[in-house]
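Notes for the one structure printed next.
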Amino acid sequence: MSQLIEHGMDRRNKPATAANGAPITRIKSQDLFRQMRELEIDHGGRIYKLRLTQLNKLILTA
């Protein structure tokens, strides 16, 4: 059991890599939201809303 916990913690702390081995950029949600609970993302001309719930979960809607 402790191996699973250690493995999970290692995964959260290590930089992620894509399938091709390239590093994936990691951004802290607090840096995105900057004291707000919702933000809009323009992706290809379509607007998406990224929100923080009361339980501090993320929800992305179109």
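Note that these values count all heavy atoms, side chains included, but never hydrogens, waters or copies made by symmetry.
- In terms of the salt bridge (charged side-chain N to carboxylate O under 4.0 Å, His left out) criterion, Glu40 has no residue partners (sequence neighbours excluded).
- When the side chains of ILVMFWY residues are joined at heavy-atom separations under 4.5 Å, either directly or via intervening members, Ile27 and Leu60 end up in a single hydrophobic cluster.
- Pairs passing the salt bridge (charged side-chain N to carboxylate O under 4.0 Å, His left out) check and including a residue from residues 28-37, sequence neighbours excluded, do not occur.
- Contact between Ala62 and Arg46 at its shortest, heavy atoms only, is CB-NH2, 3.4 Å.
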Side-chain polar contacts of residues 47-57 - donor-acceptor pairs under 3.5 angstrom, sequence neighbours left out - could you list them?
{"residue": "Arg51", "atom": "NH2", "partner": "Thr61", "partner atom": "OG1", "Å": "2.8"}
{"residue": "Thr53", "atom": "OG1", "partner": "Leu55", "partner atom": "N", "Å": "3.2"}
{"residue": "Thr53", "atom": "OG1", "partner": "Asn56", "partner atom": "N", "Å": "3.4"}
{"residue": "Thr53", "atom": "OG1", "partner": "Lys57", "partner atom": "N", "Å": "3.0"}

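- Annotation: side chain to side chain contact (heavy atoms under 4.5 Å, CB included) contacts of Ala22 (sequence neighbours excluded): Asn20.
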